[in-house]
Amino acid sequence: MAECHRLTFESCRSRHTLTWSHRALATSSGGNVRAVAAGRIEKLWRQFFSDPSQWWDCRPEKVNSNYPDFKHKHTQDALWLVHRKNPTWVRAQLAAMAPGTVQLDMFSWNRRLARYVKAGQHEKTIELYQEMQQKGMSPDNFTFVPVLNACASLRALEAGRKVHEEIIQSGCEADVFVGNSLVDMYSKCGSIEDACKVFNNMPSRDVVTWNAMILGHVKCGQGQKALELFHQMQQKGVQPTPATLIGVLNACASMFALQEGRCTHEQIIESGWESDVFVGSSLVDMYAKCGSMEDAERVFNKMLSRNVVTWTTMILGYVKCGQGSKALELFQQMQQEGVQSDPVMFVGVLNACASIVALEEGRHAHEQIIQSGYESVAVVGNSLIDMYAKCGSIEDAKRVFNKLPSRDVVSWNVMIFGHVKYGQRAKSTGIISTNARGRCTASSIDFSGSAECMCKCSCT
DNA sequence: ATAGGGTTAG
């Protein structure tokens, strides 16, 4: 604030907010914007600041975003600026606006909610929403979107249903954004039935509505329904976006529908989204999952821009069809091209090493993982154990296992599988009794069963 | 033109 105090009127005028506030003020006082001289504007500002009742735009209609008020730092700056001769007065006015004294308006609440969601702080979003309700604010359509988003990320179905009720109460159901967020929330929380219900009742839909529905159906294993929705959408003349095409390609992949996938590929070329990295990577993935590595290669080689996901898709595709050495070649090529690696990519590489029993390459990848700092990532740790176990180096597997910061069911299963497969029964007995958490003791396990059976046993 | 919101690949 002390710095603002030192600003001159001219230096501050160049700021957009202030300029537009001037303009709004000038307009609201009945003057021609262009005709109002700088001196006149400054006079208006002075009048404005001398009357604190004007500080908050309390008009019932939508808040005029051009109208200056003290929610904005720029406007606060202006306060210092205009009353720079009387800092005591300014300080008193600002103190009067301290939290708790002045009620935040809807815009500020909604902006805070949106920021929390963007930062991935979903619990905080919900807390803020509750706080807002306690303070007697009635949420609007801009409030519900981030709140539903948080519920979706937390997979909080019950909380989401409660928000849905509040949406109905507030009369925001008809808003397309709110409807889209509801569809997304329900499908992410695993209730595709509710998502369909919302969808069917929506008075207006847009491409995002369709996308949310298509992706929701794919994620819950209803690929056929997703394709039907895509056809319906096209019949209504809605143009697909990358999210649509990704959903449709995922649907094809989930059903191993190569023919349908090829048709979608043609449509993608027609639509011009072919050069989109997300769409391209999904195409590669679709072909790989449908068992046509030739097509995947063709798409991959033609892609104008690729990223780590694209490369990982190819690597995992090769592993899956039993071409582990090709996967490792691709990994080398990727490094030569200077593509930044990430944890999932290393999972692919470790899978490749495991599939062709390439211990040396596996060790080398391990070194790189340590260098990149990914060794503490759960999936990477588990893949390392798996790779070492499958390559026959139980000692290395054990070393990684003991160093894991947290062990999940997969860590234990991979470890047990490794021990059993390589004939060290006694050690796997020990592991299971440690893992059991009182549910499953070593004596209750039939070690004459297959390794797979024991893996299941450790899960229960 | 002038504050804020939704879907998206391994």
Side-chain angles (χ1 to χ4, degrees), chain A residues 15-21 23-24 57 62-69 71-75 105-115 117-118 125 139-150 152 172 175-185 187-188 195 202 205-219 233 240-250 253 273 276-286 288-289 296 299-300 303 306-320 327 334 341-349 351 379:
Chain A
R15 297 184 182 205
H16 289 290
T17 312
L18 214 50
T19 312
W20 277 85
S21 300
R23 197 171 183 177
D57 192 346
K62 198 175 184 327
V63 173
N64 181 348
S65 60
N66 287 334
Y67 204 89
D69 61 49
K71 295 172 301 227
H72 281 156
K73 193 181 170 301
H74 286 335
T75 313
D105 71 333
M106 284 310 295
F107 180 87
S108 313
W109 281 105
N110 292 342
R111 186 171 51 185
R112 286 174 74 193
L113 288 168
R115 279 187 187 161
V117 166
K118 232 175 206 168
T125 311
D140 65 9
N141 47 346
F142 281 91
T143 314
F144 291 124
V145 171
V147 173
L148 287 170
N149 214 324
C172 291
D175 187 284
V176 196
F177 282 73
V178 172
N180 292 345
S181 295
L182 271 171
V183 169
D184 184 53
M185 183 275 291
S187 71
K188 285 209 175 115
M202 279 173 78
R205 301 167 187 150
D206 64 9
V207 65
V208 179
T209 325
W210 290 97
N211 293 350
M213 282 293 280
I214 291 169
L215 286 155
H217 279 87
V218 174
K219 293 242 161 84
M233 171 187 153
T241 65
T244 326
L245 302 168
I246 290 161
V248 176
L249 290 170
N250 279 348
W273 285 113
D276 183 274
V277 201
F278 278 53
V279 174
S281 303
S282 295
L283 262 174
V284 171
D285 186 53
M286 182 276 293
K289 287 206 173 119
V299 175
F300 181 80
M303 278 175 78
R306 307 169 188 139
N307 62 18
V308 64
V309 178
T310 326
W311 288 89
T312 309
T313 310
M314 282 298 282
I315 289 171
L316 285 166
Y318 279 129
V319 174
K320 220 169 201 173
M334 178 193 145
S341 57
D342 81 350
V344 187
M345 195 226 61
F346 278 116
V347 171
V349 172
N351 279 354
V379 281

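So that the names make sense, note that chain A is the first sequence line, chain B the second, and so on, each numbered from 1.
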Practice task
Select one nucleotide: of B:dG4, B:dT8, B:dG5, the one nearest the side-chain heavy atoms of A:Asp140.
Solution key: B:dG4
Practice task
Would you mind reading off the distance between A:Trp273 atom CH2 and B:dT8 atom P, rounded to a whole angstrom?
Solution key: 16 Å
Problem - Between P of B:dG4 and CE of A:Met106, the distance in whole Å - result: 16 Å
Exercise for the section: Have a look at A:Pro242 and say if it touches a base, only the backbone sugar-phosphate, or nothing, with a 4.0 Å heavy-atom cut-off. Expected result: base
Problem - Options B:dG10, B:dG4, B:dG5, nucleotide nearest the side-chain atoms of A:Asn110 - result: B:dG4
Exercise for the section: Check every strand shown and say whether A:Thr313 touches a base, only sugar-phosphate, or nothing at a heavy-atom separation below 4.0 Å. Expected result: sugar-phosphate
Fill in the blank from the handout: Of the candidates B:dG5, B:dA9, B:dT7, the side chain of A:Lys188 sits closest to B:dT7
Practice task
Using the side chain to side chain contact (heavy atoms under 4.5 Å, CB included) rule, take A:Val207 and A:Thr244 through it: C-alpha gap first, then chi angles, then the decisive distance, then the call.
Solution key: CA-CA 8 Å; A:Val207 65; A:Thr244 326; 4.0 Å; yes
Exercise for the section: For the side chain of A:Asn141, starting at C-beta, report the closest nucleotide among B:dG5, B:dG4, B:dA9. Expected result: B:dG5
Practice task
Round to a whole Å and report the spacing from CE of A:Met345 to C1' of B:dG10.
Solution key: 11 Å
Exercise for the section: From the options B:dA9, B:dA3, B:dG5, select the nucleotide whose nearest atom is closest to the side chain of A:Arg111. Expected result: B:dA3
Practice task
Locate the shortest heavy-atom distance separating A:Thr125 from A:Pro146; write the atom from each residue and the value.
Solution key: CG2-O, 4.0 Å
Practice task
Would you state whether a donor and an acceptor, one from the side chain of A:Thr312 and one from the base of B:dG10, lie under 3.5 Å apart?
Solution key: yes
Practice task
Classify the nucleic acid contact of A:Val279 as base, sugar-phosphate or nothing, counting any heavy atom under 4.0 Å across all strands shown.
Solution key: nothing
Handout entry: Integer-rounded Å distance: B:dG5 C1' and A:Trp109 CH2
Key = 18 Å
Handout entry: A:Arg306 (side chain) donor-acceptor with A:Phe300 (main chain) under 3.5 angstrom
Key = yes
Practice task
Could you check whether A:Lys320 gets within reach of a base, just the sugar-phosphate, or nothing at all, counting any heavy atom under 4.0 Å?
Solution key: nothing
Completion exercise
With the side chain defined as heavy atoms from C-beta on, A:Val178 is closest, among B:dG10, B:dG4, B:dG5, to B:dG5
Exercise for the section: Select base, sugar-phosphate, or nothing to describe what A:Ser282 touches, counting heavy atoms under 4.0 Å on all strands. Expected result: sugar-phosphate
Practice task
Whole angstrom is fine here: how far is it from NE2 in A:His217 over to C1' in B:dT7?
Solution key: 15 Å
Practice task
Classify the nucleic acid contact of A:Asp276 as base, sugar-phosphate or nothing, counting any heavy atom under 4.0 Å across all strands shown.
Solution key: nothing
Problem - Chi angles and distances behind the side chain to side chain contact (heavy atoms under 4.5 Å, CB included) call for A:Asn250, A:Met286 - result: CA-CA 7 Å; A:Asn250 279 348; A:Met286 182 276 293; over 6 Å; no
Exercise for the section: For B:dA9, take OP1 and OP2 only and decide whether either is under 4.0 Å from a side-chain N or O of A:Lys289. Expected result: no
Exercise for the section: Describe the nucleic acid contact of A:Val277 in one word from base, sugar-phosphate, nothing, applying a heavy-atom distance below 4.0 Å. Expected result: base
Problem - Nearest-Å distance for atom pair CZ/C1', residues A:Arg112 and B:dA3 - result: 17 Å
Completion exercise
Heavy atoms of A:Val344 and A:Thr312 approach each other most closely as O-CG2, 3.8 Å
Completion exercise
Separation of B:dG4 atom P from A:Asp175 atom CG, nearest Å, is 16 Å
Problem - Backbone N/O of A:Ser187 and side chain of A:Asp184: donor-acceptor pair under 3.5 Å - result: no
Practice task
Determine whether any donor atom in the side chain of A:Asn250 lies under 3.5 Å from an acceptor atom in the base of B:dA9, or the reverse, and answer yes or no.
Solution key: no
Fill in the blank from the handout: In whole angstroms, the gap separating C1' of B:dT7 from CG of A:Leu245 amounts to 12 Å
